[in-house]
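Order of the sequence lines fixes the chain letters, A, B, ..., with proteins taken first and strands second; residue numbering starts at 1 for each chain.
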Amino acid sequence: MIRFEDVIIEIGEFRLAANMTVPKGFTSVIGQSGAGKSTLLSALSGHRPLTSGKIFVDETRIDLLSPNKRPCSIIFQEFNLFPHLSIVQNLNLVCGNKFFVSESSREKIKRVLEKVGIVELIDRLPSEMSGGQQSRAALARALLQRNPILLLDEPFSALGPNQKSELIHLVDNLSKEQDITVLLITHDPKDAQQIAGHCLVLKDQSVLGPFETSVALDEDGPLKGYL
Amino acid sequence: MARSTVTIICSVFLVGLLLGPLIFLINFSGLSLSLSNSDIAAIKFTFVQAAYSATLSTILAIPVAKALLRQNFWGKRFVVLILGAPFILPVIVAVLGLILVFGNNGIVNNLLNLIGLGSVKIYGFWGVILAHVFFNLPLAIRILLQALNDVPGEHYRLVSSLKLSFTQNFLALEWPVLKKVCPGIWAVIFAICLSSFAVALTLGGGPKATTVELAIYQSFFYDLDFSKAAQLALVQIVLVFGVVVASQFIVKPKTVFGLDIKISNHNLSDFQKIIDTVVIIITLLFIFTPILVIFFYGFADVFSLPPSVFKAASLSIQIAILSSFLSVFLGLCLATNMGEIFGSLGIAISPIVMGAGTFLMLKNFGNPYLLAVPVTAMVNALVSLPFVIRILKPSAIEIRTEFENLSRSVGLNGIYWVWWVFLRRLKRQIGFSLGVASALSMGDLGVIVLFGSGEIATLPLKIYQLMGSYRVDEALASALLLSLLAFGSFALFDKLGRAL
């Protein structure tokens, strides 16, 4: 469970207020461009400082921790993999030995890549893979990090509808299997619709919710005017 | 360890290395406060020759850059690329080449005598200027060409459609660029020429053609007046640092790595085409004849050189390897905006004083000659450091910005980040800067003249000694060997950086 307590994030003129509790499971974060979706996730992952307030994960305060000490993995819209490193090298960065890829790390990485369906691409460079395959590799790395929270900052936005839907379902299945809380940023309500989870709505400089996705997408729900 | 901590530690270490020897020298000898007439003459000469060299190089670069911009010919890209060669050409080789072309019995004077004209003099004031123009004209041409090349093609099309006069054309297109770029080029060349040593040592000298750097060497080596050397070193710091600070107020020219030559829409008359062609040919002859004559005259004897020359070459290689790796290591630690300021101090501090101060410091602990190699390597590394930082910094900053979020999200920092991201992304620039630093060190005739003895001599020093003893054939062959080593080490490291 993630709790935002009187959180205020200010960047110049922009201001975002969050005071809510995100339940376990799959939660979509919906809002118009510039509403602050990425800012919210950046604050949670530690890439952006809070102006005021606190963030708790299962009663442990995390907003004072550095990004690598927080229980979150994040996948960005782009630049999720180091382009000069092969997939196995990219994934090895979150494994034990960081100077070279040991045999045991390679085996561990293989097992995760099998789960996301790209084990045969283990020695490829990101540039030798499609956008969807790159997203799967980034997802595999996030799984290797074994953090209880996975933040997805529109990582599938450049993919076609089928690929996108496939990956959202993959994330959903893996998160259930490994008991991971997922926050997925999207500006497309159809993405949220695919998963029967919860929904946070960013509107008027505030985070509203969480709502059940079906409620949020209702004609009179908080997304009225956005749909 | 945080990046800023590394930069601070390195900066402190660097300042210690640069200023430590000077402070020791002052402490050791006391500081003479009065300037003699010969000191004032040296300061005056340093300023005047630097001003002449910078002005001539900048002015001459304008028609050449314009001609290269306007004319398209086979091999143009190669010509522009090879204009970088004089920068890494060892000074002593260039001087030999210039003597063969412009010396008393050189090609130019023979031609002038043939048609009954007077002769040109290579030694003294004009010889120093000639050598400085030889080294710096290509640099000026490349920077200016890059700036002119950055003018959008649409501007040329617009101006040509307006059918403007020559003057209006110049004022509309070229003047804004020249006004912006030329002061910066002038300042860079002026600063480089202020600390000229090897050129002044070989072509200058005497009361009328002594630079401050040469005067420091003479005080230390011939007069054993350490106090005078320290005083002149302070003068040198004030001069160069003053110019470096002043140049910060001038628009800086861009660093040139490669040139994206565009084909512009120029409607040139036949006369202009002929003029451009003549300008390009004369420039290429001026820059490449001295290099080519070394290859031509040196080739015959290169295989019959005495073992002492190869021993000197081996020492040069060792020093170049040590110095280039040290310079690039420091460069990597200082590849930030703050680091660049400290790294640039290397231009202001006299290498002779750095060497002399270190020499005296080491004397307290034993025989300083035993440490000639590491000390020379260290001083050479500090001398090439400003250039190395200039090459590494832009990409280093870009890498930090581009991969900051990703690195933080996977918890990649410290030495792991350097290993997986920094070094791997920067390998081309590292290879290039290792190449530049090794070539500069290979050709350096600076601090080694202090340590150099019959036993310890680098190849440039050996050539200088051969020239001094009138063994011209051996000097030429050694110069060819040195050129091959300098260009070879540059090409090898550059290639490694690209291939790895």
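- For A:Leu144, no part lies near chain B; criterion is any non-hydrogen pair under 4.5 Å.
- Ring planes of B:Phe403 and A:His84: perpendicular class, angle over 60° (limits at 30 and 60°).
- Looking at every heavy atom in both residues, B:Arg425 comes nearest to A:Pro83 through NH1-CG, 3.3 Å.
- For A:Gln145 against B:Val410, the heavy-atom pair with the smallest separation is NE2-CA, 3.8 Å.
- No more than 12 heavy-atom neighbours from other residues, nucleotides or ligands sit within 6.0 angstrom of CZ on B:Phe329.
- Classification of the A:Phe99-B:Tyr416 ring pair by plane angle, with boundaries at 30° and 60°, yields tilted.
- The neighbour count for B:Arg424 CZ, taken as heavy atoms of other residues, nucleotides or ligands under 6.0 Å away, is above 12.
- Applying a 4.5 Å heavy-atom cutoff, none of the residues of residues 130-140 of chain A approach chain B.
- Here the straight-line distance linking atom CG of B:Asn405 with atom CG of A:Asn80 works out to 10.5 Å at 0.5 Å rounding.
- Under the side chain to side chain contact (heavy atoms under 4.5 Å, CB included) criterion, A:Asp6 pairs with A:Asn19, not counting sequence neighbours.
- Most heavy-atom pairs under 4.5 Å with chain B: of the set A:Ile75, A:Leu85, A:Ile74, A:Leu151, this distinction falls to A:Leu85.
- Residues B:Trp420 and A:Asn92 meet the side-chain proximity criterion, which asks for heavy atoms closer than 4.5 Å.
- Here the OG atom belonging to B:Ser409 is positioned 13.0 Å from the CZ atom belonging to A:Arg70, to the nearest 0.5 angstrom.
- Although no hydrogens or angles enter the test, the distance criterion places a donor-acceptor pair under 3.5 Å between the side chain of B:Arg408 and the main chain of A:Gly46.
- One distance of note links CZ of A:Phe79 with CD of B:Glu404; it measures 13.5 Å at 0.5 Å rounding.
- For A:Arg146, the CZ atom sits in a loose shell: 12 or fewer heavy atoms of surrounding residues, nucleotides or ligands are nearer than 6.0 Å.
- Other residues, nucleotides and ligands contribute more than 12 heavy atoms inside 6.0 Å of the CE atom of B:Met338.
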